[in-house]
Amino acid sequence: MRDVSRLAGVSPMTVSRTLADPGLVSEDTRVRVLAAVDRLGYVPDRGAGGLSSRRTGFVALIVPTLTNPNFADTAAGLTAAMRPRGYQPLIGFTGYSVPEEEVVLRAMLARRPDAIVVSGMQHSPAAHDLLARAGVPVVEIWERPAAPIDRAVGFSNYEVGRLAAETLAGLGATRIAGLGPERTGEARDFRGEERLRGLRDGLEQAGLPTDLILHHGRPAGAFAHGAEAMAELLRRGGAEAVFLVSDISAFGALMECRRRGIRVPQDVRILGFGDFEIGRQCVPRLSTIAVDATEIGRRTGALLLGLLDGDAGAPAVTDLGFRLLLRESTG
């Protein structure tokens, strides 16, 4: 920093102010300091700066997978909201594993993040305690818990499932299936399970059978999951309509039907979740229940900035809801 200050003709304190908040210095000073930074290739030592400021500039973001476009969009929204204030996400993924979440969380806390964003609300007792005692803002996303650890931004996955039941029954289907991953093992898609629980309750309320709600394979992260689950459903006699907990699985199920000569939607209607790009481009286009994944990230980022600035008045839970998008796959 002294090298930069000598080259720019300003004090080291002015360099510090310019890099921390450019609005605190004049335009001429800002230009000279940043030109010196570029010329010297200077990178501030966040670790050293954090000792005095108690801020590291990092926000821990813990998600179950890096292959799901929705979580990538959420990361992009969070980054867009916080980057103008100098914050960057430090991303870890758990593979849908509760024990692995605890491992990732401990690694994140060792790096002293300024805030923590974690997907879902199902944590191990130790992870829950770590989050509650972290001493920084914590936001649980992609769910609507009744009692969040600190704050939550998301929607009700259970109500997504109920909407799926109402929609498919409203289209005239009486044999409605739900396809999601297994509920055993270390890796669990709890949000997908909530969608199927909502589907089951919705079908029961409509007086329809629930015997075709199947849990098959690992948490959805590949098109093959949907294809394999659809093959198992067809082995059991098939259904008039199918709800899958992810558009990734729904696309795999659609392709399995194409391979077998089963027409969609004439022979079976398919409804997914997530509104992924592939569902908007395939033939027939996938009907889906959409959430604004990018907005989840943006709202989380805005919430964190307020909390970091000392605003404790933000609501405990922010519900962004979801919307039904009917396309060709349901007729």
Side-chain angles (χ1 to χ4, degrees), residues 58-85 87-96 101 104 108 113 115-121 137-145 148 151-157 159-161 163-164 180-181 189-192 194-195 219-223 225-226 244-252 271-282 285-306 317-325 327 329:
F58 286 112
V59 174
L61 173 61
I62 303 175
V63 294
T65 177
L66 298 178
T67 61
N68 186 315
N70 274 343
F71 292 118
D73 289 344
T74 295
L78 178 70
T79 302
M82 303 198 73
R83 186 165 48 195
R85 291 278 299 276
Y87 291 96
Q88 292 288 347
L90 184 63
I91 301 176
F93 74 100
T94 67
Y96 291 95
E101 180 189 74
V104 173
M108 293 291 193
I116 301 171
V117 180
V118 57
S119 60
M121 59 184 187
V138 173
V139 181
E140 295 164 286
I141 59 173
W142 279 87
E143 189 52 276
R144 192 185 68 186
R151 300 294 198 281
V153 176
F155 57 95
S156 171
N157 285 283
E159 293 298 335
V160 166
L163 176 60
D189 180 4
F190 291 102
R191 288 167 296 282
E194 275 294 284
R195 290 167 211 150
F223 302 126
H225 171 267
L244 295 102
V245 298
S246 166
D247 277 1
I248 295 176
S249 296
F251 178 80
L271 175 65
F273 168 82
D275 191 25
F276 296 168
E277 174 67 16
I278 194 167
R280 298 193 290 270
Q281 299 302 324
C282 65
R285 295 187 304 158
L286 281 174
S287 293
T288 191
I289 297 173
V291 294
D292 192 334
T294 303
E295 185 62 15
I296 289 176
R298 289 196 195 103
R299 293 288 285 274
T300 300
L303 173 62
L304 287 176
L305 290 176
V317 178
T318 301
D319 188 346
L320 298 183
F322 45 83
R323 65 190 189 280
L324 177 66
L325 299 176
R327 300 184 180 121
S329 71

Subject >> Partner set under side-chain hydrogen bond (donor to acceptor under 3.5 Å, both in side chains) for Q281, not counting sequence neighbours >> reply: E277
**OP:** List for me each residue that meets salt bridge (Lys or Arg N to Asp or Glu O under 4.0 Å) alongside R323, sequence neighbours excluded, and say none if there are none.
**Re:** none
**OP:** Please identify each residue that fulfils side-chain hydrogen bond (donor to acceptor under 3.5 Å, both in side chains) with S329, with sequence neighbours left out.
**Re:** none
Subject >> ring pair (Phe, Tyr, Trp, His ring centres under 6.0 Å) partners for F71, two or more places apart >> reply: W142
Original post:
Got a sec, which residues hit ring pair (Phe, Tyr, Trp, His ring centres under 6.0 Å) with F276, two or more places apart in sequence or on another chain?
Top reply: none
**OP:** Give the ring-plane orientation class for F322 versus F155, where under 30° counts as parallel, over 60° as perpendicular and anything between as tilted.
**Re:** perpendicular
Subject >> side-chain contact (heavy atoms from CB on, under 4.5 Å) partners of I91, counting only residues at least two apart >> reply: L61, V63, L66, A75, P89
Original post:
side-chain hydrogen bond (donor to acceptor under 3.5 Å, both in side chains) with R195: which residues, sequence neighbours excluded?
Top reply: N157
**OP:** Return the set of residues passing side-chain contact (heavy atoms from CB on, under 4.5 Å) with R151 (not counting sequence neighbours), or none when no residue passes.
**Re:** V139, L303, L307, A314
Original post:
Hey, does P181 have a side-chain heavy atom less than 4.5 Å from the side chain of V245?
Top reply: yes
Original post:
Pairs in or reaching into residues 72-85: which pass salt bridge (charged side-chain N to carboxylate O under 4.0 Å, His left out), with residues at least two apart or in two chains?
Top reply: R85-D309
Original post:
What residues, two or more places apart in sequence or in another chain, satisfy salt bridge (Lys or Arg N to Asp or Glu O under 4.0 Å) together with D292?
Top reply: none
Subject >> Shortest non-hydrogen contact from R298 toward A81 >> reply: O-CB, 3.7 Å
**OP:** With sequence neighbours left out, write down each residue that passes salt bridge (Lys or Arg N to Asp or Glu O under 4.0 Å) with E143, or none if nothing qualifies.
**Re:** none
**OP:** Decide whether T288 and D247 meet the rule of one side-chain donor and one side-chain acceptor closer than 3.5 Å.
**Re:** yes
Subject >> Under the side-chain hydrogen bond (donor to acceptor under 3.5 Å, both in side chains) test, residues paired with R299 that sit two or more places apart >> reply: none
